[in-house]
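We number each residue from 1, following the sequence as shown.
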Amino acid sequence: MSRPGNPAVRLLAARSLRAHRKAWAAVFAAVAVTTALLGALALALGSTGLGHARVERYAAAPVVVAGDQEIRWTATPWGGEPTTETAGLTERVRIPEAAVAVLRAVPGVREAVPDDTFVVRGGGAGPAGAATHAYTGRSWEAARLAPYRLLDGREPRSAGETVVGAGLGAAVGDTVAGRRVVGVAEGPAALYVTAGEARRLAGHPGAVDAVGVLAEPGVPVDTLHARVRAALDAAGLEDTAAGQPLRALTGDGRGGVEHLGAPPARTELLQLLAAVSGTLVLVAVLVLASLVAQALQQRAAERELLLSVGATPRQVRGAAGREVARVAGAAALLGALASVPVFLALWSALRARTGVVPEGLELPAPPWLFAAVLVVAALVVGITRLVVLFAARRPGRAGKGGARRVAGIVLLVLGAGSAGTAAIQGGDAAAAAAGAATVTLVAGCALLGPWIARAAMTALDGPFRWFGGAPGRLTAAGAAAHSRRLGAALVPVVLVTSFALVQLSAGATMERAAAAQARAATTADLALTGTTAERVRELPGVEAATDVLRSTVVLARTEAGTPRLDRLPVLGVDADGLAGTLDPGVVAGDLAGLAAGTVAVGADTAGSLGVKPGSTVELRLGDGTPKRLRVVAVYERSLALGEFLLSKGELAPHMSDPYPARVLAAGPAGASPVAPEAVTPPGAELNGIVSGGIVAAIGGLTVLSVLSTLALIGAGRRGELGLLRQVGASAGQLRRMLGLEAGFLTATGLLVGLVVGALPLTAFAWALTGGLPYLPPAQAGAIAGVVLVTVVAGVFLPVFRATASRH
């Protein structure tokens, strides 16, 4: 039996590769771009996986004792083993002050320094006593944990004195936030006050944010950590929020105590990159499968000839696989090299946008990480090689495609079912179901491409023959004879249309609905920051005012027995100040009862949880404190205000900084309405930028797939066009024929892509907004324009010489 690696196979592969270099150029380009994108994503995933919060304030403390900034939820999936889900907390989890004495008694501990971080406001007054500046405050004794040493002056000794960080730019003798500067220390902008003043300003007696542990000389970190851990366990100390054991952190883990937003942002970025990578892999498989199958299909006659002169089917398949592996190998290597600057450009763009990456989140990229691109290159070559096994598994035997047709119909049914699931879900579940529906429907259309093309051309056959003249009859005849080729050309057009439609419309639909709800919900005449409702009520003409506090809560639930933790934005308000300032659109109950121990719930979440006024909801507040709250109202404008409304008194004690984000007030008659402002989910801006960049890259890949497929088809039909010229067809007739084909592909691809995208989009929009999907006309025109230009270029450029006039 001949093996694929024998000399005959090598000879066939080498000769065929030289003979079909132009045809393989399309596959080469697609493999290179796919590898570059996947390689960049692999590097981004690796860098994010290695990411950690930067250690600054605790650099001199080998061990830091703090609360657990994660919560856990365990459930048993149907027929499975118990599964635990975790979620990061964005508000400070504090620990008992008694931990300081316990730690000071540990052998090898030189000092245990309590640390509190708070906000000091001052530096002038605006309307209603609004503070114009906010500074980070700490006790001076905690400065030794960095360590931050004095550069000038002395330490503070009374409540009216402060040491400032050098980053603040103040000097000894200045006044900052009503305090006299007596010293300047190393480090970033901050105010350091006496220990007693720090406890007063922190506002949580009996608890501290963290304790930095300084070791005696010669005590190793591992030894100190083990002793601290044993002392904490023996004391049985728990945090002041959820009653969890205290944590003793070393190394990079200390940074999470400083930068609370960094670990949750890292987790969300990992999930986003993983989801996008999965989508890209599916798109790449569709693109590469279509291109490789088309490249091999065009050589069916050549394969038949090889079989007729004695080559075995295995030799033909082996030669095709070897040929593809050579093309894909070189392309994947080029793409792997290109993935490095793509990754560096993405990370550079993220760092350049102030506030997008949470403060303190480090995303390292050690040299050894870049070896991952070689693994990705091998994966892409393997995918391409695998495609050959299916595309050339029975050379010379063109079946009727019954299995392919059944598989395509099954995928369409599954895609429609997934879209139906999205219609009855909410939040991330609806988005995930809609995304799965899109990919499944596109895959079904890819399998059914020849039949879709044949059906579309059957509908247009009459008009083409009646009104298109000779070019129309040529187009109709060519389509009837080569429906598989036409279907292969149609698939990437459908892919790029549906992908762009779903990605652009989903975001636009949510933004439009949230903006409309925010306009309806915001009825205030005044909006102020840096002050409180109590002060604003003293302004002349103010009839009502409410503080608006912003935090997050964690909702634990199960889906098919699988645990799920959703961290959601939440507002804290004054119930008696809502009249004339904020209208959530109550559909059941009454917000007048919003007080400690109660909550108002968005209509979608209330429906998914099966709650109504009088029911109870279990939440974890921002610091992890579990709360069982009674529902007093259900409201409909949750896209603008978040899924839960709590009273200020309930929310404030569980926030790191319980100062209002803004104050809404009902002012005197004739005042201008306040600009509406909708809540945004945690990490929304970071996710938006990363998603936008990667979506653009995937969109570029799908556009390239259209060009590559059409170029491959065009390269394979030069002989056909040359024959038409020999039998009397003019260059103008051929150009009009190709123009009709381009128009057919554009119109059919846009229509099928619209249907494929609209089905999951409609389900998604209905589930989350109760309306239909929306796409700005300019973006819709851009999609149609890009598809038209790409198809026309792909149809005409490869056969330019064959359609040129001869003089």
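Minimum heavy-atom separation, Leu150 to Gly183: CD2-CA, 4.3 Å. What you find for Ala640 and Ala514 is that their closest heavy atoms are CB-O, 3.9 Å. Summarising the geometry of Leu645 relative to Leu594, their closest heavy-atom pair is O-CD1, 3.6 Å, with the distance given to 0.1 Å. Of all heavy-atom pairs between Ala53 and Gly256, the closest is CB-N, 3.5 Å. Nearest heavy atoms, Ala544 versus Ala579: CB-O, 3.5 Å. For the residue pair Ala652 and Pro658, the shortest heavy atom distance occurs at O-CB, 3.4 Å.
A distance of 11.5 Å separates CZ in Arg620 from CG in Leu555, rounded to the nearest 0.5 Å. With values rounded to the nearest 0.5 angstrom, Leu260 atom CG is found 11.0 Å from Asp623 atom CG. For the atom pair OG1 of Thr531 and CZ of Arg121, the computed distance is 10.5 Å after rounding to the nearest 0.5 Å. Between the CG atom of Asp604 and the CG atom of Leu609 there is a distance of 11.0 Å, given to the nearest 0.5 Å. Here Leu89 contributes atom CG and Ile71 contributes atom CD1; the two are 5.5 Å apart, rounded to the nearest 0.5 Å. Between the OG1 atom in Thr523 and the CG atom in Leu582 there is a gap of 6.5 Å [rounded to 0.5 Å].
Looking only at distances, a side-chain donor or acceptor of Asp239 sits under 3.5 Å from a matching main-chain atom of Ala242. A distance-only check finds no donor-acceptor pair linking the side chain of Tyr659 to the backbone of Leu549 [under 3.5 Å]. Side-chain atoms of Arg92 come within 3.5 Å of backbone N or O of Val257 as a donor-acceptor pair. When atom types are taken as modelled, the side chain of Thr605 and the backbone of Gly602 share no donor-acceptor pair closer than 3.5 angstrom. At least one donor-acceptor pair under 3.5 Å links the side chain of Glu650 to the backbone N or O of Gly597. Judged by distance alone, the side chain of Thr546 and the main-chain N or O of Asp574 form a donor-acceptor pair under 3.5 Å. The backbone N or O of Val55 lies less than 3.5 Å from no partner atom in the side chain of Glu258, so there is not a single donor-acceptor pair. Using modelled atom types, one side-chain atom of Asp68 and one backbone atom of Glu70 make a donor-acceptor pair closer than 3.5 Å. Within the 3.5 Å criterion, the main-chain N or O of Ser638 finds a donor-acceptor partner in the side chain of Gln517. No donor-acceptor pair under 3.5 Å is formed between the side chain of Arg149 and the backbone N or O of Glu186.
A salt bridge is absent between Asp209 and Arg57; no separation between the charged side-chain nitrogens and carboxylate oxygens falls under 4.0 Å. Residues Glu197 and Arg179 are paired through a salt bridge, judged by an N-O separation under 4.0 Å between the basic side chain and the carboxylate. With salt bridges taken as basic N to acidic carboxylate O contacts below 4.0 Å, one links Asp583 and Arg637. A salt bridge is defined here as a Lys NZ or Arg NE, NH1 or NH2 lying under 4.0 Å from an Asp or Glu carboxylate O, and Arg557 with Asp566 meets this definition. Residues Asp116 and Arg199 are not paired through a salt bridge, judged by the lack of any N-O separation under 4.0 Å between the basic side chain and the carboxylate. Residues Arg72 and Glu85 are not paired through a salt bridge, judged by the lack of any N-O separation under 4.0 Å between the basic side chain and the carboxylate.
Around the CD atom of Glu534, the shell of radius 6.0 Å holds no more than 12 heavy atoms that belong to other residues, nucleotides or ligands.
Counting heavy atoms from C-beta outward, Ser551 and Glu91 have side chains that approach closer than 4.5 Å. For the pair Pro114 and Glu141, the minimum side-chain heavy-atom distance is below 4.5 Å. A 4.5 Å side-chain heavy-atom check between Val632 and Pro613 finds every atom pair outside the cut-off. Residues Arg266 and Leu361 are in side-chain contact: their nearest non-hydrogen atoms beyond the backbone lie under 4.5 Å apart. Looking at Leu646 and Leu629, their side chains come closer than 4.5 Å, going by heavy atoms from C-beta outward. Residues Val208 and Ile95 have side chains in contact (heavy-atom distance under 4.5 Å, counting atoms from C-beta outward). The closest side-chain heavy-atom distance from Phe764 to Met510 is below 4.5 Å. The side-chain heavy atoms of Asp252 and Glu362, taken from C-beta on, include no pair separated by under 4.5 Å.
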The test is side-chain contact (heavy atoms from CB on, under 4.5 Å); show your working for Val599 and Val601 and say whether it passes. CA-CA 6 Å; Val599 66; Val601 185; 4.1 Å; yes
As a quick check of understanding, evaluate side chain to side chain donor-acceptor pair (under 3.5 Å) for Arg94 and Thr240, giving each step before the final call. CA-CA 6 Å; Arg94 297 187 173 95; Thr240 60; over 6 Å; no
Show, in sequence, the C-alpha distance, side-chain angles and deciding distance for Glu97 and Val211, and conclude whether the side-chain contact (heavy atoms from CB on, under 4.5 Å) test is met. CA-CA 9 Å; Glu97 193 173 15; Val211 180; over 6 Å; no
Check step by step if side-chain contact (heavy atoms from CB on, under 4.5 Å) holds for Phe644 and Leu651. CA-CA 11 Å; Phe644 299 98; Leu651 192 62; over 6 Å; no
Report the C-alpha distance between Leu214 and Arg144 in whole Å, list the side-chain angles of each, state the deciding distance to 0.1 Å, and finish with yes or no for side-chain contact (heavy atoms from CB on, under 4.5 Å). CA-CA 9 Å; Leu214 302 177; Arg144 76 181 82 169; 3.9 Å; yes
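No side-chain donor from either of Arg567 and Thr552 sits under 3.5 Å from a side-chain acceptor of the other.
Among Val548, Val570, Leu571, the single residue meeting the side chain to side chain contact (heavy atoms under 4.5 Å, CB included) criterion with Leu641 is Leu571.
Annotation: cation-pi geometry not satisfied between Arg254 and Tyr58 (NZ/CZ under 6.0 angstrom from ring centroid, within 45° of ring axis).
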